[in-house]
Chemist: 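Okay, here's the structure, questions in a sec.
Residues take their numbers from the sequence shown, with the count starting at 1. Whatever order the structure lists ligands and atoms in, that order sets their numbers, starting from 1.
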Amino acid sequence: MGNLISNIVSLAKRRGFIFPSSEIYGGFGSCYDFGPLGVEMKNNIKKAWWDEMTRQTFSSKNLGGQIEEQRNIVGLDAAILMSPKVWQASGHLTAGFADELVECKKCHKRFRQDEIVGGRPPNIFGRGRTSAPVACPECKGELSRPRKFNLMMKTFVGPVEDEASQTYLRAETCQGIYLNFKNVLQTMRLKIPFGIAQIGKAFRNEITPGNFIFRTREFEQMEMQWFCHPTSADDWFEFWLKERLNWYYNLGIKKENLRAVEVPEKERAHYAKRQVDIEYKFPLGWKEIEGVHNRGEWDLYNHAKYSGEDLKYSSAGSGQAYYPYIIETSVGVDRSLFAFLCQAYTEVRGGRTETTKAVKEVEILLKLDKRIAPVKVAVLPLVKNKPDIVNKAKEVYQLLKPHFVCQYDELGSIGRRYRRGDEIGVVFSVTCDFQTLKDNTVTVRNRDTMKQERVVISDIVGNIGHTFL
Ligand code: ATP
């Protein structure tokens with residue numbers, strides 16, 4: 001991993017964003033725990049996505065002749081454990097959801113075949129393309145022939161661990177959505193086109209997890225499945241791709257760091273009629289953070305076939321019954337969080353003026369969008385040894401705490417405290433000083449402009465709240 005990445009990893013650990021899982025036992029297979037700031041940031045990303053999906057109205061009103069008053073997307077939280085039949089129908093238990101594994105005959109390290117022969121990383125069902133083996137990247141030893149390695153994580157339900165009780169942890173969240181297509185359609189009295197959004201954990205027994213939280217065996221996905229008429233699927237695909245790119249731009253990802261890559265047919269998931277990967281330019285290189293797929297009728301057709309249920313949509317108007325096409329947008333929470341961290345991480349050499357006159361070292365500034373920043377406000381008494389100022393600051397902290405994620409900090413010089421805040425992306429720093437005691441005003445410092453404004457304490461909640469609207 002590059003220097004930049006190790007700096008980000010170290011910041012994430014030092015400041016309570018991300019810890020290695022089971023650390024006191026030496027860690028555990030590329031699993032991570034999200035600390036107090038990590039969980040706030042994750043929740044903010046999930047909220048930004050959820051709101052975008054379920055609360056937006058259409059920005060475009062002219063889509064393939066379909067004009068809708070509102071974007072109709074409802075939520076779902078399906079179980080992680082499902083009948084193993086689901087995974088037969090979806091194709092995950094067959095060779096489709098498998099990577100090709102090669103082992104070095106000399107050092108016995110294992111690799112994903114596609115990773116060491118180069119090229120784009122594979123996608124579900126597109127995994128496992130065979131290419132000519134090369135030598136071991138570690139010791140140049142001879143590699144074994146590739147063999148299929150299924151990525152589904154097995155588990156047992158009930159007290160007897162036999163084949164009858166075996167099932168799997170879900171490898172993607174969307175299957176729960178397909179199974180509930182009819183339930184949601186009927187209970188919410190929806191008409192096509194509409195969407196179902198879900199956020200939840202997924203599990204894949206990845207051969208080569210790594211690069212911090214980029215590829216882990218347990219991760220979270222935010223997936224939206226858009227059910228539409230087959231003839232409008234192409235237009236919807238374009239629509240959703242654009243919407244998804246805008247979502248990232250809107251939350252601070254720079255245009256030059258994001259690209260949409262059309263996946264050629266031979267590399268596509270076999271259900272996918274079209275697939276575009278949204279890639280972010282990580283310090284490690286361009287890597288996928290989200291997939292937009294036209295899954296056609298693949299999923300509903302197969303679940304209908306395997307379950308015997310009629311999963312067709314009947315249009316009241318035309319009397320037509322058909323399998324809707326599905327446009328899927330699928331993003332990893334952890335992976336996008338990593339991208340947001342990389343985008344925000346800034347090193348300021350020589351320091352930012354007010355804080356570091358005497359300090360020569362590099363200052364870190366986390367320029368996270370204010371909606372994603374884990375801590376919105378820091379409350380600081382100018383000095384620690386004046387009880388009146390400290391008490392006032394504590395009062396202001398109590399006032400703000402029910403409204404924003406806040407931190408109270410009285411340790412060290414005010415400059416140092418600003419720096420500590422900048423490092424975790426604190427959006428506003430509120431300082432109580434001598435003037436506060438005279439006129440009940442505080443200074444509000446903006447992280448990005450470093451401008452300070454005097455605000456009356458009774459206006460502070462509204463003043464800060466206003467900027468988050
Ligand atoms: P990759 O090619 O990187 O293995 P994929 O194409 O298999 O990913 P999808 O099945 O399309 O990924 O999943 C959608 C999203 O879920 C990905 O864009 C990514 O953000 C996230 N994701 C998938 N696998 C992992 C993983 N092992 N760890 C973290 N996030 C993941």
Chemist: Would you mind listing which atoms of ligand 1 come within a distance below 4.0 Å of any non-hydrogen atom of Glu290?
Modeler: 18 (O)
Chemist: Once rounded to the nearest 0.5 Å, what's the spacing between atom CZ of Arg244 and atom OG1 of Thr329?
Modeler: 5.5 Å
Chemist: Going through the distances and angles, do Gln198 and Glu223 end up as a side-chain hydrogen bond (donor to acceptor under 3.5 Å, both in side chains)?
Modeler: CA-CA 5 Å; Gln198 177 168 231; Glu223 296 196 307; 6.0 Å; no
Chemist: Drop me the distance from Trp298's CH2 to Ile326's CD1, to the nearest 0.5 angstrom.
Modeler: 12.5 Å
Chemist: At a non-hydrogen distance cut-off of under 4.0 Å, which region of Arg204 contacts ligand 1 (side chain, backbone, both, or neither)?
Modeler: side chain
Chemist: Among Phe212, Phe19, Phe338, which one satisfies ring pair (Phe, Tyr, Trp, His ring centres under 6.0 Å) with Tyr32?
Modeler: Phe212
Chemist: Between Lys287 and ligand 1, which part of the residue brings a heavy atom under 4.0 Å of the ligand: side chain, backbone, both or neither?
Modeler: neither
Chemist: Can you list the atoms of ligand 1 that are under 4.0 Å from a heavy atom of Phe214?
Modeler: 28 (N), 29 (C), 30 (N)
Chemist: Check this for me - ligand 1, Gly332, N or O atoms closer than 3.5 angstrom, yes or no?
Modeler: yes
Chemist: May I ask whether Ile289 places a heavy atom under 4.0 Å from ligand 1?
Modeler: yes
Chemist: I'd like to check which ligand 1 atoms, numbered from 1 as shown, lie under 4.0 Å from a non-hydrogen atom of His293.
Modeler: 11 (O)
Chemist: At what distance, to the nearest 0.5 angstrom, does CG of Leu337 lie from CD1 of Ile45?
Modeler: 4.0 Å
Chemist: Taking side chain as C-beta onward, heavy atoms only, is Phe282 less than 4.5 Å from Asn211?
Modeler: no
Chemist: Which of these, Glu223, Glu288, Glu328, has its nearest heavy atom closest to atom 17 (C) of ligand 1?
Modeler: Glu288
